[in-house]
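Have a look at the structure below, then the notes.
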Amino acid sequence: MWGGRFAAGPGALMQAINVSIDFDQRLATQDIAGSKAHSDMLAAQGIITTGNRDAIHKGLDEIAAEIAEGTFPWSAELEDIHLNIEARLKDKIGEAGGRLHTGRSRNDQVATDFRLWVREHVELFQTQLTALISALVDQADAHADMIMPGFTHLQSAQPVTFGHHMLAYAEMFARDRSRFADCHARLNESPLGAAALAGTPYPIDRDMTAKALGFDRPMANSLDAVSARDFALEALSAASICATHLSRLSEEIVIWTSAQFRFITLTDAFTTGSSIMPQKRNPDAAELVRAKVGRIMGALTALTIVMKGLPLAYSKDMQEDKEPVFDAFDALELGLAAMAGMVADMTPNKDRLAEAAGAAFSTATDLADWLVMHLNMPFRDAHHVTGTIVAMAEKQNVTLAALSLAEMQSVEPRISKEIFNVLTPFASASSRTSYGGTAPSEVRKQVARWKSDLG
Ligand code: ARG
């Protein structure tokens, strides 16, 4: 009836759809840690003997070594990581191995393992984000007063400093880091001991296992403990937002390294050549980091839809939680590492940035502000006068600073030669000393704050 390769009939199909060992092997370390904490507790509570506990620990250590050496006999018939390890334990230590599963179920076991795995990655991302922020701060420190064009609508707007631009991303990644910290605080509760769904009649000590596994406390409701996957959704949400930030910075790197911009250069470490066009140096790493957000957000969508509409408590649907998270977190780990590498690797092209910063009448706002501050003109009138002067420069195909005083006075007679102090890109950027502004003096203050925060 089933035909094809499932010659063995429904049993084989059942196994094919049910098996998870190919991917949940990744939970082996967490599964062993959970089993050790659980057996310790069972012995402390007199539920198993200390002899049983010692045999279990010894067996689990051997299993961990087999997995590390690649000699563990993985079996698809045994379905998942939990049954693979438990069966191996029984092979090794016999009867005592059968006592490990007292007062627990695979439902609280998998919830615990997965929480531990996600927690480890949430911690890793915080460390990686700190490294990325630190690379950005180093670039800001080295180039606090390097002038570049600032954009709105990707049109030249006002001159800014390269350091300021780097620190904008440092702020974004610091918020990502704090989102992971928030997520960590909420996820760090132990499901272990919730058993299948209702708790257990054995006199277990859930505080003890929670503490042993580094959780802040046991989860307070056994139904929730085995059903909740919002910790993974929250981590994926934080990952998705972080990936959008990585994607934005990647996009800038792609634009900046183009022949049309030439704002920065990357070394061979982060670029590739073309097999046909010898002149090419492609920013492939930046492009790939730019794209990672697709699979990371895809994982968030996938798991949200898996969880939507699931009744309490455990349903096998929840086995579909792991692959998207593994894939998304691998992508984010690689993306964060590649971005920290690229930020450290890039060299801004000072002359090219200065040239671009002076183009497109980027100091027009400075001219208008000067009219307001020195001639007490209402800003709207100053905007109009400046527009007339910009049109004049545009017609002559020169920068604002290249117009003569007489030409400017033909539009507004009260303009004095002091106007030239604000018309260069450097003067423009340096005048923006408001808190959080782009002036080199402000950037240096922010760099100092960052350095003391980063320790
Ligand atoms: N492999 C399962 C999963 O990942 C473990 C839990 C199985 N529980 C059950 N009642 N069948 O969800």
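Because only heavy atoms are used, hydrogens play no part in the values below, and waters and symmetry mates are left out as well, while side chains stay in. Note that ligands are numbered from 1 as they come in the structure, with each ligand's atoms numbered from 1 the same way.
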Under 4.0 Å to a heavy atom of S20 - the qualifying atoms of ligand 1, by number: 1 (N)

Ligand-residue contact atoms, ligand 1 with H82, heavy atoms, under 4.0 Å: 5 (C)

Side chains of [X] and [Y], donor plus acceptor under 3.5 Å:
| X | Y | value |
| --- | --- | --- |
| H165 | E252 | yes |
| T130 | R177 | yes |
| T438 | R432 | no |

Ligand 1 contact on E79 by region, counting heavy-atom pairs under 4.0 Å: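 The answer is neither.
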
Contact check, side chains of R206 and R217, non-hydrogen atoms, under 4.5 Å: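 No; the side chains remain at least 4.5 Å from each other.
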
Heavy-atom nearest neighbour of atom 8 (N) of ligand 1 within options D321, D317, N107: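 Nearest option to atom 8 (N) of ligand 1, by heavy atoms: N107.
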
Proximity winner for atom 2 (C) of ligand 1, if only heavy atoms of Q109, E320, Q319 are counted: Q319

Distance in Å, S20 OG paired with D80 CG, rounded so as to fall on 0.5 Å steps: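 Between S20 OG and D80 CG, I get 4.5 Å after rounding to 0.5 Å.
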
Rounded distance (nearest 0.5 Å) linking atom CZ of F125 with atom CG of D176: 11.5 Å

Over 12 non-hydrogen atoms of neighbours within 6.0 angstrom of CZ in R248: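 No, CZ of R248 has 12 or fewer neighbouring heavy atoms, counting only those of other groups under 6.0 Å.
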
Contact (N/O only, under 3.5 Å) between D80 and ligand 1: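 Among all N and O atoms of D80, at least one is under 3.5 Å from an N or O of ligand 1.
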
Identity and distance of the protein heavy atom lying nearest atom 7 (C) of ligand 1: Y314 OH, 3.5 Å

Identity and distance of the protein heavy atom lying nearest atom 11 (N) of ligand 1: R106 NH2, 3.6 Å

Any K322 heavy atom less than 4.0 Å to ligand 1: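 Yes.
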
